[in-house]
Enquirer: 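Questions regarding the structure given below will be posed in turn.
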Amino acid sequence: MPAKKKSHPSEKIKALSPSGKKDNNFFSQVYEVARQIPKGRVTSYGAIAECLGTKGSARMVGWAMNGAHQVKPRVPAHRVVNRIGMLSGKHHFGHPQRMQQLLEKEGIKVKNDQVVDFAKKFWKPE
DNA sequence: AGTCTGACTAGTA
DNA sequence: CTACTAGCCAGAC
């Protein structure tokens, strides 16, 4: 029975220790940047990673996003897509169409799992 | 302790 | 254009 148990990184976040954990710091940074994404804009994992100084570790950003669903304050993970504007993370939402719906609700047009005018909607973190 | 996977990206063939 | 590889780093087994 091929049942791969995918643990969510958020478990760690939820049980974060105020004492200080470096992994938690990285996650927090990702969330912080993600929250700065203006409504109606999107960004890419690589952009966030670069902003954090960990360019090349875009995977870690995606991994951090995996736990963003239950992090408080809420993180607009739906505004984060891959470099070509594709909703690569839609499968990680409650429903695969949830992400697209959230984006369209904010004025982002999505077609075929891709953000329309991605270059115009793209927002680069500071 | 070694191996595999992953919401990524850039480069090469 | 597509296919594959390497780098990245944390977590699960």
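Order of the sequence lines sets the chain letters (A, B, ...), proteins ahead of strands, with each chain counted from 1.
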Enquirer: Within this structure, what is the NE2-to-P distance between A/H91 and B/dG6, rounded to whole angstrom?
Expert: 13 Å

Enquirer: Tell me whether A/S44 contacts the main-chain N or O of A/A47 through its side chain, where contact means a donor paired with an acceptor under 3.5 Å.
Expert: yes

Enquirer: Look up atom CZ in A/F118 and atom OG1 in A/T43, then write down how far apart they are to the nearest 0.5 Å.
Expert: 7.0 Å

Enquirer: What is the distance, rounded to the nearest whole Å, between atom CG of A/L103 and atom C1' of B/dA7?
Expert: 13 Å

Enquirer: Mapping A/I84 and A/M60 to their closest nucleotides on DNA chain B, which lands nearer the 5' end?
Expert: A/M60

Enquirer: From NE2 of A/H92 over to C1' of B/dT5, roughly how many Å is that when rounded to an integer?
Expert: 12 Å

Enquirer: As a test of understanding, state which of A/Q100, A/M99, A/H78 forms a side-chain contact (heavy atoms from CB on, under 4.5 Å) with A/K90.
Expert: A/M99

Enquirer: Looking at every strand, decide which applies to A/G56 at a 4.0 Å heavy-atom threshold: base, sugar-phosphate, or nothing.
Expert: base

Enquirer: Which nucleotide sits closest to the side chain of A/W63: C/dG11, B/dA7, B/dT9?
Expert: C/dG11

Enquirer: So A/A49, base contact, sugar-phosphate only, or nothing? Heavy-atom distance under 4.0 Å.
Expert: nothing

Enquirer: Rounding to a whole Å, what distance do you find between A/Q29:CD and C/dC9:P?
Expert: 14 Å

Enquirer: Decide yes or no for A/R79 and A/W123: does some side-chain heavy atom of the first lie under 4.5 Å from some side-chain heavy atom of the second?
Expert: no

Enquirer: Over how many whole Å does the gap from A/Y45 atom OH to C/dC9 atom P extend?
Expert: 19 Å

Enquirer: Could you check how far CG of A/N66 sits from P of B/dG6, rounded to whole Å?
Expert: 12 Å

Enquirer: Scan every strand shown for a Watson-Crick or G-U wobble partner of C/dC9, both distances under 3.5 Å, and answer none if you come up empty.
Expert: B/dG6

Enquirer: Using a heavy-atom cut-off of under 4.0 Å over every strand shown, decide if A/T54 touches base, sugar-phosphate, or nothing.
Expert: nothing

Enquirer: Rounded to the nearest 0.5 Å, how far apart are CG of A/L103 and CG of A/L87?
Expert: 5.5 Å

Enquirer: Between C1' on C/dC9 and CG on A/N25, what's the gap in Å once rounded to a whole number?
Expert: 15 Å

Enquirer: Measuring only the C1' atom in each nucleotide, how far is B/dA7 from C/dT2? A whole number of Å is fine.
Expert: 23 Å

Enquirer: For the side chain of A/S57, starting at C-beta, report the closest nucleotide among C/dC9, C/dG11, B/dA7.
Expert: C/dC9

Enquirer: With both distances under 3.5 angstrom, what nucleotide forms a Watson-Crick or G-U wobble pair with C/dA3?
Expert: B/dT12

Enquirer: Whole Å only: how far is the CZ atom of A/F93 from the P atom of B/dA7?
Expert: 12 Å

Enquirer: Once you apply a heavy-atom cut-off of 4.0 Å, does A/H78 come out as touching a base, just sugar-phosphate, or nothing?
Expert: nothing

